[in-house]
Amino acid sequence: QLVESGGGLVQPGGSLRLSCVASASIFSTYVMGWYRQAPGKERELVGDIISGGWTYYTDSVKGRFTISRDNAKNTVYLQMNSLKPEDTAVYYCNTVPNKFPWGRGTQVTVSS
């Protein structure tokens with residue numbers, strides 16, 4: 001029901017755009033969020049977006065990450081700029097709060 005893509009290896013300061021396709025029933029009903037889990041750490045909410053476009057971001061990514069959604073495509077995006085090594089994690093999307101099984105996520109590695 002939730003399929004993430006777009007991760008990869010990028011140098012510090014670089015950019016990536018992640019995508020998450022959700023089933024229509026999920027996408028049209030819930031607040032959609034991006035989460036991440038770094039090695040040895042708990043999964044954390046990076047940010048979320050409501051259907052009208054209002055967004056929330058955790059402090060560590062404010063000004064660098066942007067969440068958007070395409071309602072016609074049931075897709076939510078995470079544009080990540082000025083990436084730092086500490087952004088290295090597996091990134092997931094889910095509702096906020098998370099109500100559905102987690103997808104496989106997409107690995108983001110920030111390293112020189």
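Since the model is a prediction, treat every value here as computed from it, not as a measurement.
Between Q37 and K41, the closest heavy-atom pair is NE2-O, 3.1 Å. Counting all heavy atoms, side chain and backbone alike, S111 lies closest to P12 at C-CD, 3.6 Å. Here the closest heavy-atom approach between residue W34 and residue V76 is recorded as CZ2-O, 3.6 Å. R69 and F27 get closest at one heavy-atom pair: NH2-O, 2.8 Å.
One distance of note links CG of L9 with CG of L16; it measures 9.0 Å at 0.5 Å rounding. L78 CG to M32 CE: the interatomic distance, rounded to the nearest 0.5 Å, is 12.0 Å. Atom-to-atom distance recorded for Q79:CD and L18:CG is 8.5 Å, nearest 0.5 angstrom. Distance CG/N71 to CG/N74: 8.0 Å, rounded to 0.5 Å. Atom CG of residue D48 and atom CG of residue N94 lie 11.5 Å apart, to the nearest 0.5 angstrom. Taken from OG in S82 to CZ in F65, the straight-line distance is 9.0 Å, to the nearest 0.5 Å.
Under the 3.5 Å distance criterion, the side-chain polar atoms of E4 are matched with a main-chain donor or acceptor of C93. T88 places a side-chain N or O within 3.5 Å of a backbone atom of V110 that can act as its donor or acceptor partner. Under the 3.5 Å distance criterion, the side-chain polar atoms of Y57 are matched with a main-chain donor or acceptor of I67.
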message = If you apply the rule side-chain contact (heavy atoms from CB on, under 4.5 Å), what do you find for S15 with V10, and how did you get there?
response = CA-CA 7 Å; S15 298; V10 63; over 6 Å; no
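Considering only residues two or more places apart in sequence or on other chains, D87 meets the side-chain hydrogen bond (donor to acceptor under 3.5 Å, both in side chains) condition with R36, R64.
V21 and I49 end up in different hydrophobic clusters when Ile, Leu, Val, Met, Phe, Trp and Tyr side chains are linked at under 4.5 Å. A single hydrophobic cluster is seen to contain both L2 and V46, as judged by linkage of ILVMFWY side chains at heavy-atom distances under 4.5 Å, directly or through other members.
Other cluster members for L45: V31, Y35, I50, W54, Y56, V90, Y92, V96, W102, joined by side-chain heavy-atom distances under 4.5 Å among Ile, Leu, Val, Met, Phe, Trp and Tyr.
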